[in-house]
Every structure is written in C-alpha cells, then in structure tokens.
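One structure is given here, and the rest of the page talks about it.
Order of appearance sets the numbers: ligands from 1, and atoms from 1 within every ligand. Just the heavy atoms: all of them, side chains too, but no hydrogens, waters or symmetry mates, feed the values below.
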Amino acid sequence: MIKYSGKKRVKCLLNNVLEIKKLTKSFGEQLVLDNVSLSLKKGMIYGLLGANGAGKTTIIKSIFDFVKPDSGEISLFNEKMPQSVEQFKKIGSIIETPVFYENMTVKENLLLHCDYMGEQFKNNIDRVLKDVGLFNEKEKMINQLSLGMKQRLGIGRALLNEPELLILDEPINGLDPEGIIDFRNLILTINQTYGTTVLISSHILIEVFKIVDRIGIVAKGKLIKEVSKKDLEEMDLDIEEYYLSLVKGGVSV
Ligand SMILES: Nc1ncnc2c1ncn2[C@@H]1O[C@H](COP(=O)(O)OP(=O)(O)OP(=O)(O)O)[C@@H](O)[C@H]1O
C-alpha cells in the first residue's frame with residue numbers, strides 16, 4: 001500500500017530526534033508553558049494528551065520557532081534551535097487546521113508544497129493521495145472539499161516529503177470513523193516501515209492511545225506525567241480513568 005522512494009529506515013530506539021528542556025512561555029500575565037521537558041527517541045510514536053488550552057499547540061509551535069519561548073531549549077535531530085531550513089525539511093507537520101490555497105486544486109497545492117520541500121517528492125503525490133483516500137479528488141478545487149477531506153489532505157501533505165519526524169497537532173479532528181481508522185493504519189504502517197518518529201497532540205485520548213508507544217499528559221501548561229503504553233497496560237489501567245485521575249489531581253497513579 002505505502003511505497004515511498006525513500007530508503008527503508010531501521011527502527012532504532014536510541015537517538016533523540018526531538019528534545020525539549022525546561023520550556024517556559026507566558027503570553028502577557030498567563031503562564032502557558034511551565035518548565036516542560038520531553039524527548040522523543042527515534043522510531044517512537046509519542047502522544048501529547050491534554051484538554052483544550054492545556055498548551056499542546058504552544059509546545060508544537062515552539063518546535064517550529066513560531067512561538068519564542070521565554071526560556072528553555074529545544075534540539076531537533078541532535079542540533080539545538082534555531083534550526084536550518086534543511087532540518088525543518090526533514091519534518092512533516094500539521095499545526096492547527098491545515099491551510100491550503102482555496103482557488104487551486106488538490107494536486108496543485110501538493111505540487112506547490114514540493115516546490116518548497118524538494119522537486120523529487122512530486123513522484124509521491126499520487127501515492128499519498130491514494131494513502132489518504134483522495135486520489136479521485138486530485139483535480140478538485142480546495143473549496144470543493146469537506147472539512148474531513150481537508151484534514152486528510154493535510155495528513156497527505158505532511159507525508160509527501162518522506163519525513164523523519166511527523167508532528168501532527170490534532171490530526172483526527174474532523175475525520176469520520178473510516179478516516180480515523182485509515183489514519184491509524186497509515187501512521188502505524190509508516191512508523192513500522194520507515195521508523196518514522198511521530199508526535200501527535202490530541203484531546204481524543206482513546207484513539208491516540210491505540211497507536212502510541214508513550215504518552216505525555218499536559219495540564220495547565222505543565223507536563224504532569226509521562227508513561228509508556230506498555231507500563232499502563234501492565235498496570236491494567238484505562239487511559240481515560242488514568243487521565244482524569246491525574247488532571248483532577250486526587251489519585252496518585
Ligand atoms: N498567541 C497567543 N496569545 C495569547 N494567548 C495564547 C496565544 N496562543 C495560545 N494562547 C493561550 O495559551 C493557552 C494554551 O493554548 P494552546 O493552543 O497551546 O492549547 P492546546 O492544548 O493546544 O489547546 P487545544 O486542544 O484547544 O488546541 C491557552 O490559554 C491559549 O488561550
């Protein structure tokens with residue numbers, strides 16, 4: 001099903017692809033990130049889980065330098081920020097709602113993305129469109145797509161450059177049940193085939209939990225807990241109950 005031209009990457013849980021240390025950010029009086037540290041090893045799928053307004057998007061925007069942290073340090077592929085454009089080209093991303101040129105077709109939008117990311121990725125356009133179920137819509141204008149179709153296209157665009165790191169902010173928002181299942185299978189296949197590292201932020205706990213290796217729970221700007229899925233499963237804990245016990249702060253888990 002998925003056949004990118006990139007070399008098959010070996011899953012290796014040794015190197016940190018992303019490392020965030022003691023990130024702090026305030027907007028005016030509001031402390032939005034409070035000393036957040038986390039790291040993603042190569043090949044890991046990491047779920048950043050938290051309520052609306054918890055700070056997930058601000059963490060992600062800081063990785064791309066769209067938000068300037070007040071303090072802290074971010075390293076991508078073992079290099080400290082600020083990053084070169086070439087480093088960012090190793091990433092595929094969705095940040096908030098994917099934005100497209102509305103008066104261009106699906107295919108034209110992806111071609112434009114390749115102008116920036118690399119001409120060689122034009123060969124991937126048909127494949128990613130098939131992978132996200134939009135091959136038959138490739139000549140449609142963006143303004144003819146439904147919300148869920150735009151979300152699928154955002155996922156396709158994020159995969160176009162055969163990224164080493166995928167950063168997906170709320171990727172399943174707007175997807176129908178079939179779209180969510182397709183998304184899950186697609187991410188797992190890419191991760192297992194190419195060793196692609198994945199960071200997914202979401203407030204849809206159960207769905208994201210199905211595919212992650214590790215979760216970090218963000219509440220009110222703090223990373224209040226990191227735990228591996230394996231450990232949670234061994235403790236026989238339900239992700240929703242676990243999450244609620246942590247954010248309500250009553251139970252020590
Ligand atoms: N540019 C900004 N100026 C002022 N406040 C901001 C700005 N960006 C985010 N915030 C505030 O920072 C807090 C965290 O927002 P953020 O978007 O990071 O949360 P989130 O966890 O991604 O939420 P959601 O799940 O709703 O997307 C919120 O209270 C938000 O209002």
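Applying the salt bridge (Lys or Arg N to Asp or Glu O under 4.0 Å) test to pairs two or more places apart or on separate chains, those with a residue in residues 96-115 are Lys61-Glu96, Glu102-Lys150, Asp115-Lys122. Legend: salt bridge (Lys or Arg N to Asp or Glu O under 4.0 Å) pairs involving residues 183-209, not counting sequence neighbours, sorted by first then second residue: Arg184-Glu207, Glu207-Lys210. Identified under the salt bridge (Lys or Arg N to Asp or Glu O under 4.0 Å) test for residues 233-243, with sequence neighbours left out: Lys230-Glu234.
Residue Glu178 qualifies as open at atom CD: its count of foreign heavy atoms under 6.0 Å is 12 or below.
A heavy-atom cutoff of 4.0 Å around ligand 1 is satisfied by the protein residues Phe27, Gln30, Val32, Ala51, Asn52, Gly53, Ala54, Gly55, Lys56, Thr57, Thr58, Glu170, His203.
Remark: Lys225 fails to qualify as a cation-pi partner of Tyr243 under the 6.0 Å distance and 45° angle criteria applied to the six-membered ring.
Remark: the backbone N or O of Gly43 is paired with a side-chain donor or acceptor of Asn191 at under 3.5 angstrom.
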